[in-house]
Structures are given as C-alpha cells and as structure tokens.
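Report on the structure given below.
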Amino acid sequence: MYVIRRVGVFAFSVFAASVLVFTVMSILPGDPAQVMLGTQATPEAVDALRTELGLDRSLPVQYLDWASGAVRGDLGTSPFSGQDITPQIIDRLKVTIPLAVMAMALTILISFPLGVYAAARHRRFGDNVVSIVSQLGLAVPAFWAGLLLVTVFAVGYRWFPASGFPGWDVSVWQSLKSLFLPSVSLAIVQSAIITRYVRSAVLETLREDYIRTARSKGLTRSAALWRHGLRNAAIPVLTILGLQFAALTAGTVVIESVFVLPGLGKMLLDGITRRDLPLVQGGAFTIAVLILGLNLAVDLTYRLIDPRVSEQ
Amino acid sequence: MRYRRIIAVLAVLAVVAAACAGSTEDTTTSTTAAPATTQAATTAPPTTVTTTQATTTTAAEVSAATEATIGLQLEPPTLDLTASPAAAIPQVLLYNVYETMVRLEQDGSITGLLAESWDVSDDALTYTFNLHDGVTFHNGEPLTADDVVFSINNVMTKEPPHPFATFFAPIASVEAPDDTTVVITLSQPSANLLFFLTQSPGVVLEESAIGTIENSPVGTGPFEFGSWTVGDSIVIEANDGYWGQPALLEKVTFRYINDPNALNNAMLGDQLDILAGVSAPELLAGFETDDRFEVQTGETYGEIVLSFNGRRAPFDDVRVRQAVTHAINRQDIVDLAYSGYGTVIGTFSTPLDPWYKDLTGVYPFDPDRARELLAEAEATDLELEMVLPPISYAARSGEIIASQLADVGITVNITNVEWGVWLEDVFANYDFDMSIVSHVEPRDLAQYGNAEYYWGNDSPDVAPLLAQADAEPDPDVRNALYGQVLDEITAQAADNWLFVLPALSVIRQGVTGYKIDLPGSLDVTELALNP
C-alpha cells in the first residue's frame, strides 16, 4: 500500500509539474519562429515556420503531443539546433550533478569543523570570529564570489580555468579542476548557512541531560561533546543538508552561466533567451522529475531501512 | 528516525552522482565520416598533469601548436544556413567548411574559390563559371556543376523560404552544360549578384546531405565539421582530402561565451588563442598593456541605427526626426558607449561600401536647431518609448541618448527587453518609438525600399532608385544611384545612423593569419600558431 501510494503521489506530481512547465513556457512573450528567423524575416516566412513547428495548434493538442513523447523518454527535437533533446539533457546532467555534489561535499568539509569549533568556543573569541565570517558568507551572492574567484585564481594566478568544461571523456582531472571554482562559489553561501546550523545544534545537545551526566561521570567538556554530543547534533543538521541540496541545484543555474559550464542550468537560461520552448520544457521538466524522483527514492529506501513506516 | 531518512538521502545522492560521473559516453553530434582525429593526444594524462598543476595549463599546452581555440560571444541558433539568417552560422562555416564559387577577400575584392575562372557577358545578363576539377565533398561525393545548380535553386525555391531568397531574385535560370561549367542567366543586370555569391546564399551544398544540414553540415572546405556541443562549442577538423591548399591547423574549436566579462577572463586566463569580437571595449585597455596579447581593430558592415518608427506620431513628421537627429551628439556616444572605438556615420552606409559618402555634416549636433524644429512641428513635451534589445551597445547608447534628448525637452522612457520580445514587439508588431540595433548584414540598404520593414520608411523615391541601381551595369553610375538613395533617406532623416561597429579582436602573440577585416566569415584556413 505504502509503495503504491508513494508512486501514485509521485506520478501525480510529475503530471502536475509537466502541465505547469508546459503552460508557463507557452505563455511567455516572444515568438520562437520570429526569434529563429531574426531581422531578415518576412511575415510569411514566420507563419510558415510556425506551422512547421506546430505552434499554430491549440495548447492542449501541443501538450498531449509533447507529453506522449515525454512518457517514452523522448523530449522532442530542438527546432534551433535540430538536435534531440533527451541526449542533450543527459550530457548536461554530467556537469550539473557532479557540480552540485562537489559543492555539497565542500560545504560539509567547511561547515562541520567550523560549526563544532564555534560551539565548543561558545561566546569566546573563536565563536565570534566564526559568527562574523558566516554572516559575511551569507551576504555574498554566489555569482559575485564566482567573479572574484575567477579574477584571483583564473586570471591572476591562472591555477584554474576561468570558464568552460573539457568533458569527463577528455580529461577527468581537467574536468574536476574546472568544477572547482564554481563549487567553491556555491559552497561559500551554503557553508555559511550550515555552519550556523551545526553550531546551534551542537550547543543544543551540550545542554542536554545526557551531556551533564557524562560530565558528572568525569568526562571533560570536549570528551563529552565528541563522544555523545556530535552524533545527536548530526540529526537536525543532516535534515537541513537534504533540504539545501534542492537550493543548491537552483544555484547552479546562475553559477553555470558565470563559469560558462555546459550544464542543465545554463541550457535553461540559453533556451529561454532563444525561446527554444521544447528545450526549456524538457530541461525544467527533468529538474522537476529529478527532485520528485529523489524524494520518492528516499521514501522507498527509508522503508527498506525501517519497515515500520508502512504501518504508520 | 530522521537520521535514517538522511542516510537514505545521502545514499541516493551518491548513487546518482556516481551514475552521472560514470557515464562518459559522448552524446554530442559527430560527423559520420570521423577522420583519424587525435583525441587521445589532447587528453592530458592525469599523472603528468598533476606535476604541472601548480603552473598554468595554457591553451597552447593543451592544444599543442596545431589546435586553436577561438572565443566568440554569439552562438549560432542552428547550423542550417538555408533556414536561419543568423550571422553566427557563416561566421564559423563559410570558407572553412562550406565553399562558394567565388569568395570575398580582406581588401573587398572577389576571387575564385570553387570556380577557376568566370566570365560575365557584355549585357551583364550571363555569368559563366568554370569549376575546379577533382573537388570532393566531405562525405566523398564529387563536386559537379549539378551541385551548384541544386544549391542556387534551393535558395530560390525552398520552402519555407530561404532567408536570402530575395538576393537571387534577378536570376532567371541556372544551368550545368557540363560537369565543370555553371551558367547563370539573369532577367536583369544585378550589381550585387557576385557579392551575394561570396556570402552564405552562395555556398555549394551536397544534395544527399541536406537532410542533416542543421547539425552536421557537409561542404568542400579545408575543414570538416567535427562536433557541436550546444551552448558550449563547435569543433572543426582539417579535411585530409582537401582539393586545394590545406589548412595549417588540425583542429579549431569555437567556444561560445555569452558574457563579455567571462569571455575576457577566458582570454586573460590563457584559455583562448583568439578573442574574436570584443563587445566591452572598455576592457581592451587590459589587453593593450599585457605583452601576451595583441589587440586588432578592423572594419565591419554593422551600422548601429537609432531607428524611428515612421508609422506613427511623432516620428511620422520629418521635422521631429530631424530634431532628434540634431539633438544627439554621435561622437559622444562613440566615446562613452564604445570607448572611442568606432566611426561616426551620418547615413546608412559604412566606409566599406563602394558608394559610401560622408553625410555626418547634414545634421550637426545643434540643440537649438532641434528645439526650433520641435516648436515648428508643435511637438512639445514629447514622451517617447525606447525599446532596447539586450546588447551592451544598445543599453549604453540608449542612456546617453535619453540624457541628450532631455536637454531639448524630450522625455525618453527606456524599456530593456529580451531578444525574443524585441523581435516580436519592435520588429514584427512595430510597437515602439525608437530602438537601437546594429544592422550587420552587408549591403542591406535595400531595407529602405521595403515598406514592411520595422522602421516603416515611407519615402516613395527610394524603392525605384534601389531597383534602378541594382540593375545598372556601370559601377560608377550604380554607385552614384546608391549615393542618391543615401541622400534621400538622410534628407528624410529616416533614422539616426550613429556609428559603425568596429571589429575588435584580441589575439595571442604568435598567432598569424587571422583575417580581422574579412566580414561575414571567421576564415581560419590560414591561421597558424607560432611559439
């Protein structure tokens, strides 16, 4: 029952997302046929192209046509490039998902030690420094951090490429290098958020009875924190991490444009500018399905870990 | 409980990430006839790179001396130049991948390419081209005169129409009496025919490859199409079986970076060999003082036009158009919006046109005269809508123009729109008072005879003069006729022609054979990288 209900909710959400994505794109001002033909176009040529693209049909007909393809994994063909959209999206995900995962990994590496350190030094100098730095980190827009990093490390020192992505099949090392600065830019804001969560979660647990008990048994403050505090503090922090992953995916749209990475986010922005409706619909729909799918997978995995879920 | 849920989140993420990083098969478009390209040579082995990571990996190191990377701003929307007029398509493909019977040179002359020679009859109605022997397309098919006939007929008769079909309107018929001879017969003389044959409508296509032209073009050029990663880059590779002088490079990558800052940074970070087309000229100073680079400037056909919507008030009154033209100091715009690069013009023509004349003196900067004309036209307290496309020169020029017009009592409301919205509102629906855009197509003066064009020029004398000029076989008489067209549209102040967009490029020291003065094509056939 549980599985069926979950899959049912997933299917409905995907359907709702597809309708939303399709409708929003179709009511955007700007005619794709006009954009394709540019400043040399005659009105007759624009009309002919609209017919060829099927834009003269009613919206529900266009939607059904698109959705029936999407169900089979065929998101259509870009009228601009003539390329199939599904393989393009798969290509783009090979940039976007590693970027998001790398940014998340950096976030954890930065924020956990900082947060724990700040909590251990509660109201002392170290805590104040971390608190000010994290305030600053929160205030820095990711794209601005990206521009600064490029100026210093790509243009100044030339340690990292300023933009672009060579591709995993060309060079894994170069690809990782080109994802480094973008993931740092994303990780700065994320780390600032997570550091604050880690700090308050650790502080919270330090006030718990079991810590007092541990201290009364003779453990030092830091030993009690290490042995009993951290595991308990991790729970709320990891919850936030999960939520932030979705925010991170949204952040990749901007960062991919700053670093000219051929990821899904840049594909969406380029597609919107060009009014490449099938491409943007496909891209936005893919992101929606990914996030919904992630949720579904988590729910189902969770049931494997804890069978009591189905009884709830 | 929640803890386990988080473990599940992380587990799923890890699986997804692994799946993504793991699947490295190449799904970009590739040519069917992929030559023995040395992709392995470009792949820096991780072990050796690790040792050099502290130093820089420059474009030269990654690409050796046989591969060049060129940074550009605007990516082609499609590679099908028979469907889209986008200048970014021939920029990459013309003369590199596709060839024409005759080509344009940097000095503006026209020379033979696929045609060994050609003759024009005395009445200027018959053009006979003799094609080179032994030319093959990239797919192995031999080039014959029939391919040329097919290509020209395709421009004239294709559905939906070819974007430049009107260029070939004077052609009555194209014939191939034998495999190496093409005869074009005109219904009336056409001065521009040979020029148009050097441009994108003149490319010779292979009929059997036309179905995949939008993502895998097949031509006869010294480079064959390699791959296109949409939103990122186009790669062309040397054609080993080229019929003529082979290209000097093995591989050229055109990287598309839309943001001017990111484009400059890629050059400064040694990722590019050539930065073709600098759109933020204020950033050029940084390159001029850096001895790794050389800044080159050249001419283009791109007139930046402040267009007036002649279809509706107040610009249906010639005095208002003249007043606004008097009120604007064009040199200020060049200095402030384009850092002083660019030539001020006073009409719709550039110094590259054989009929160019300097009409900058017709409407000198004169705010007093502007106020008089406005008073005469009883157009006081004007409030005008300026709709601007998302291009840096437009936004900058727009601000300066708004402040200059404020001095003569005109209020300008600026609306910045996306390209798609601009094309719909301004270009198709004529819903604007003023706009700014560059008209980059060469020899596009004919648009002043086109009553449907967005600026709505209503001068009745222009269209007949244009037709007469194009049909005139004597070049001097013809240029004089085009000059009359310029005089007429300038007298009408049909639009305000601000300045010519300069070609601004940055090349790495040691790069030779870059043709900055060649409009319409980024011809890399003679490009070489010297250490």
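Here is the naming used below: chain letters follow the sequence lines, and residue numbers restart at 1 for every chain.
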*For E214(B) and Q83(A), run side-chain contact (heavy atoms from CB on, under 4.5 Å): C-alpha distance rounded to whole Å, both residues' side-chain angles, the deciding distance at 0.1 Å, then the answer.*
CA-CA 8 Å; E214(B) 74 270 24; Q83(A) 298 191 356; over 6 Å; no
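Of the atoms belonging to Y454(B), not a single heavy atom falls under 4.5 Å from chain A. Using a 4.5 Å cut-off between heavy atoms, V260(A) touches chain B through backbone and side chain atoms alike. Proximity to chain B (any heavy atom under 4.5 Å) is shown, for V95(A), by neither the backbone nor the side chain. Within the 4.5 angstrom heavy-atom criterion, atoms from both the backbone and the side chain of I272(A) approach chain B. Using a 4.5 Å cut-off between heavy atoms, A165(B) does not touch chain A at all. Neither the backbone nor the side chain of A86(B) comes within contact range of chain A; no heavy atoms are under 4.5 Å apart. Residue P390(B): no heavy atom, backbone or side chain, is found under 4.5 Å from chain A.
Rounded to the nearest 0.5 angstrom, D259(B) CG and L147(A) CG are separated by 7.5 Å.
Among all heavy-atom pairs drawn from Q88(A) and V230(B), the shortest one is OE1-CB, 3.7 Å. When all heavy atoms of R255(B) and S163(A) are compared, the pair lying nearest together is NH2-OG, 3.1 Å. R158(A) and D270(B) get closest at one heavy-atom pair: NH1-OD2, 3.1 Å.
Residue with the most contacts toward chain A among T212(B), N258(B), V421(B): V421(B) (heavy-atom pairs, distance under 4.5 Å). Among N265(B), D232(B), L263(B), the residue with the largest count of heavy-atom pairs under 4.5 Å with chain A is N265(B).
Side-chain atoms of Q271(B) come within 3.5 Å of backbone N or O of A162(A) as a donor-acceptor pair.
Side chains of M267(B) and V155(A) form no contact here, defined as non-hydrogen atoms less than 4.5 Å apart.
The neighbour count for Y197(A) OH, taken as heavy atoms of other residues, nucleotides or ligands under 6.0 Å away, does not exceed 12.
Residue pairs meeting the side-chain hydrogen bond (donor to acceptor under 3.5 Å, both in side chains) criterion with at least one partner in residues 252-269 of chain A, sequence neighbours excluded, are T96(A)-E256(A), K266(A)-D270(A).
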